Amino acid sequence: MSLPLVEIKNLSLKYGNYKALKNINISFFPGKCVVICGPSGSGKSSLLRCVNKLEEFDNGDVIFDGQSLKSAKNISQIRSNIGMVFQHFELYPHLSVLNNITLAPIQVKGLSKKDANFNAMKLLERVGIDDQANKYPAELSGGQQQRAAISRALALEPKLMLFDEPTSALDPEMISEVLKVMRDLADNGMSMLVVTHEMGFAKDVADEVVFMDEGKIIERSSSKSFFENPKSERAKEFINKVLLKI
Amino acid sequence: MDFNVIIDNLPFLMKGLFTSFQLAFFTIVLSLSLACLIAIGRISNKKYVRYPSAIFVNLLRSNPLILIVFWFFFLVPLITGRPLPAFGSVLIAFVVFFSAYFAEIVRSGIQSVGSMQIKAAQSTGLTYPQTMRLIILPQALKNMLPALVTECVIVFQGTTIAYIIGMREFLHSTSLVAERTIRPIELYLFAALVYLIICFTGTRIATLLEKKE
């Protein structure tokens, strides 16, 4: 087996007195799509944000691609290899869609404007919104905004993509267009960590499912066995609730 | 009433008005730049940056402008042993004083943008200074523009304080002419009209900017 892309060691995170993550140990391997699920407040989003150190963790370490994040001097440079997609898109409202995507390649990777534009247009074409390039984020639908945000993250050619509830803020009919883009990424071998409540995506697309509760990892299984035969009682309960939510 | 005194003395009065504009302009440009740094200091998570910025802002906002002007004009020369030129000392006093007010406007503007924008920018590998310059400040500026324009009007009105150390700004020039010609009513009416036009225009701009939001 190849070396892990992300290695999380004894990771703990506190918000004031509240322990969001309790001594997490887990590794993720390249080319895999892993869904992290669990009830709200279970620490899944916090865990995701520790992977690119958007949260300052108290204890433990995250090793990304062989580099320790705890002692990293060049955290910005490491982050540029990790794309992130947020629940509320977080596109820059004062910039056009195109400029949202080209900003980091120009500023961080030093690409020329011409090259950055060319790459951005290819990405927008890939997610099906190249006709929206010169509009501002507020002029796009939620689904289009999220696809633009995915393009922004992909523009740095990251080794890993983090998705933090990418469809939770979307109207139902727009969810599928975003999930389609994500499925396409997974099919092309992108390493992905996805926090989501979309169990259909977890079942069909994910290689593995990590189930969290109360700041701890309760179980980790292949997605098939997670849904067919969950190991823990807590996971069984969760699956029943989310699948029978009619 | 004889408004000819105004026309006769217009070049002198306009020179004073120009001085007022100059003082306001340099005060706004310099104090706004300083205010951006102080505002970023105010929201820093490093205590040794945050505390001095907070002390600066609160100290300056708890003192009248006239006292700050006094300090730089009369007291600093006592300490340093040599006088500052009037315009220079007033400008320094104004910049120090108004940067505290501008800093609070900039701070609330930055905080209106929301921390997730910072996280999003940093997730793409932008450094903190790049994030501030390219993502946060441009958005903050848009949010705080009405308040900034209003504060600029206050700066312009504040230039009259320079009168007390004998600087020939507009109000001082007006009073000199008033004394010389013994036509105070006409001249002070004129001064009121000029301040009204300038400040009302500024306030209208602020209101329009607010509506545009």
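Order of the sequence lines fixes the chain letters, A, B, ..., with proteins taken first and strands second; residue numbering starts at 1 for each chain. As a basis for the values below, the full set of heavy atoms in this structure was taken, side chains included, without hydrogen atoms, waters or symmetry mates. From a predicted model like this one, the values you see are computed outputs, not experimental measurements.
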Residue I82(A) versus chain B: region with a heavy atom under 4.5 Å: backbone

Approximate separation, where rounding is to 0.5 Å, of L126(B) CG and L103(A) CG: 5.5 Å

Between chain A and chain B, which donor-acceptor atom pairs come closer than 3.5 Å, counting both backbone and side-chain atoms?
from	atom 1	to	atom 2	distance (Å)
Q117(B)	NE2	E90(A)	OE1	3.3
Q117(B)	NE2	L91(A)	O	2.9
L134(B)	O	H94(A)	NE2	3.0

I78(A) versus chain B, the contacting section by heavy-atom distance below 4.5 Å: neither

F74(B) atom CZ: more than 12 heavy-atom contacts under 6.0 Å: yes

Portion of I118(B) that has a non-hydrogen atom of chain A nearer than 4.5 angstrom: neither

Atom CZ of F3(B) with >12 non-hydrogen neighbours under 6.0 angstrom: yes

